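Owing to the predicted nature of the structure, the values given are computational and were not obtained by experimental measurement. Here is the naming used below: chain letters follow the sequence lines, and residue numbers restart at 1 for every chain.
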Amino acid sequence: MSQSRVQQLRAEILAHDHRYYVEDAPTVSDAEYDRLFRELVELETAHPDWVTPESPTQRVGGAPVSALGEVRHSVPMLSLGNAFSAEEVQAFDKRVADGLHASGALAGGAEAAYLCELKLDGLAISLRYEDGRLVQAATRGNGQVGEDVTANVRTIKAIPLTLRGDVAGVVEVRGEVLMFRQDFERLNQEQGEREQKIFVNPRNAAAGSLRQLDPRITAARTLRFFAYGWGQVDHMPAAQTHSGMLDWIASLGVPVNAHRRVAHGADGLLAFYTEIGEARRGLGYDIDGVVYKVDSLSAQRQLGFVSRAPRWALAHKFAAEEATTELLDIEVQVGRTGAITPVARLKPVFVGGVTVTNATLHNEDEIRRKDVRIGDTVVVRRAGDVIPEVVAPVAELRPAHAALFVMPTQCPVCGSAIERLEGEAIARCTGGLVCAAQRKQALAHAVGRRALDIDGMGDKLVDQLVERGRLTSLADVYTLQADELAGLDRMGPKSAQNLVEAIDKARRPSLGRLLFALGIRHVGETTARDMARHFGSLEGVLAADEDAMMGVPSVGPVVAKAAVHFLAEPHNRDVLDRLLGECGVEPVPEEAPAAAGAVLAGKTFVLTGTLPTLTRDEAAQRIVAAGGKVSGSVSRKTSYVVAGEEAGSKLTKAQELGVSVLDEAGLIELLGDSD
DNA sequence: GATCCTCGAGTTCC
DNA sequence: CTCGAGGATC
């Protein structure tokens, strides 16, 4: 036995790996493969000096680490615009074709060529090869900075440790790590036998496996990889097209999914979508749609980017997954304002990646409109892929005993009458703050982040204090002492002390926040701030009659009446007097809106998605500080949409309306001019 | 009076 | 995120 046998074994194993993972056409049995592998292990054990890092035996995984390091991507990893309908795809094709016709890159009347591929439901990673050797692997993270998962990725057999052929310099391959359904089911079975965590779906299992601190765990799980793009490439091949680049990546021995082809025009794209939709179930792994990319690389460069999303690519997602389940019961919840919301209790059902057990039914009319009855089998989906929604009952499966929902006449929490005013969709508990549910939520609202912002005072704590009769009104919050808090559930002396300090800080809220905290019907954050600015002081607000109130921008007769009525209520006056008196609360006047000359004056922004460094609140604050406005929905009047990761329908809407889109860097640039 | 634009309120799951 | 509804605008 010699070193040459070792090399021969390695070559054979690598060839088998390639046929199995890349070509999807194995030529040996698993047993035969195992025999070769064991022989190699034996030889290497006998001759440790023959072992190289690229040997297939070195995929077992090194020692665990305490945390994953960070990696900055040399070329940012992109996100994609989304489409859910044929119309949106047609609009995308038109934008691309118009853009390319205008520059003469596409002959008049000719259709644009696109590479179509699967949108795999896994985790995006970037593999960095230097002189053909895998040196680093990183998750996508926020697109700029990801996590270093090199040690784990080295254990994935589908990913070559060395590229085929002579590749000099840096080649970064980007693609998706995923778990095939079969491997997922086997893993869960094993996890169950070992009484370990069961994964809800292959995506979570892949993510959990890849982000392990102990690479040996990753090594024990079967992950797959398919490349769909590239980052830094020092020596670009001659390819002029995206499809050509993918062929080149495949020729390096990296798996590229076979379900890809070049199509022309919107019709070609939609045909691919339909075809994949039909093949979806048989794929053996999860996809959440397909992706279209303008094939010509020079055309891609011309089209460029909006925000972080390329104008030359589009993810066409499958409609939200639907499932059917049984509607066990319809219960009602009481909201902060007394709104009675019927909620469907469902037999747990797995849909769109999570198990759904509850879904809102909004109100009585909605239930009637959908004609859902208790005992029905219903169709459930996750609206906008997040919030579960009951779509409709399955008429054929309605049991004889199916019962209509009857709105209770008394509040389930306090027993007060429930009434529904003429012309309103919502029924309400009339108990007001007598109702424990309303009192709890009113208090939780008042201490919440957007109102008095008392850190450490969450729903759970408010619940406990209300139940013990320690909190009846907002004024009571300011009388809480550290020693009485310390005894409560999940409250040590340290947390209690922190909370008391947080309460003390809340003695000087801005007037707008204080007004918002009161929970006056129709008076939200914006209206409260407008009121604070208009009157300048709490005394001014309290002295206003309905006419004076209507002078506040965005306040009309309905809001004015609600506010004046609320502030005249003896009970509410009482609480305010206590706050200002014994509690020592001193509202500070709202800052004046930025001067008319401020850079962003007159500009309206809409924020969507997750920004790389700022939270959405921080971004909003900075926009307001520069004189801009932040709104919740996109319209023709919107000046800019600031889009981050996973931007959803608002980005789509912005593109439809032709509203300018910024990324965080673009926003900061705009803001920068103001300093 | 109709239409568009915002704001407020409620909600699910991990 | 979505719906309902109040307010502004034409």
From the candidates B/dC7, B/dT12, C/dA5, the one with an atom nearest any side-chain atom of A/Q333 is B/dT12
Would you call A/K561 and A/E546 a salt bridge, taking side-chain N to carboxylate O under 4.0 Å as the test? no
Between C/dA8 (P) and A/K629 (NZ): distance, integer Å: 11 Å
Could you tell me whether A/E525 contacts a base, only the sugar-phosphate backbone, or nothing, with contacts defined as non-hydrogen atoms closer than 4.0 Å? sugar-phosphate
For B/dG10, does either OP1 or OP2 sit under 4.0 Å from a side-chain N or O belonging to A/T337? yes
Sub-6.0 Å ring centroid separation between A/H445 and A/F516: yes
Contact class for A/S633 (heavy atom, under 4.0 Å): base, sugar-phosphate, or nothing? base
Under 4.0 Å, counting only non-hydrogen atoms across every strand here, what does A/H522 touch: a base, just sugar-phosphate, or nothing? sugar-phosphate
Rounded to the Å, how far apart are A/R521 CZ and B/dA9 P? 8 Å
A/N204 CG - B/dC14 P separation (whole Å): 10 Å
In whole angstroms, how far is the P atom of B/dT3 from the NZ atom of A/K637? 16 Å
Can you tell me how far C1' of C/dA5 sits from CZ of A/R428, to the nearest Å? 11 Å
Nearest-Å distance for atom pair NZ/C1', residues A/K370 and C/dC3: 11 Å
Choosing from B/dT12, C/dG4, B/dC5, which nucleotide comes nearest the side chain of A/A425? C/dG4
Look at A/T357 and B/dC13 and indicate whether a side-chain polar atom (N or O) is within less than 4.0 Å of OP1 or OP2. yes
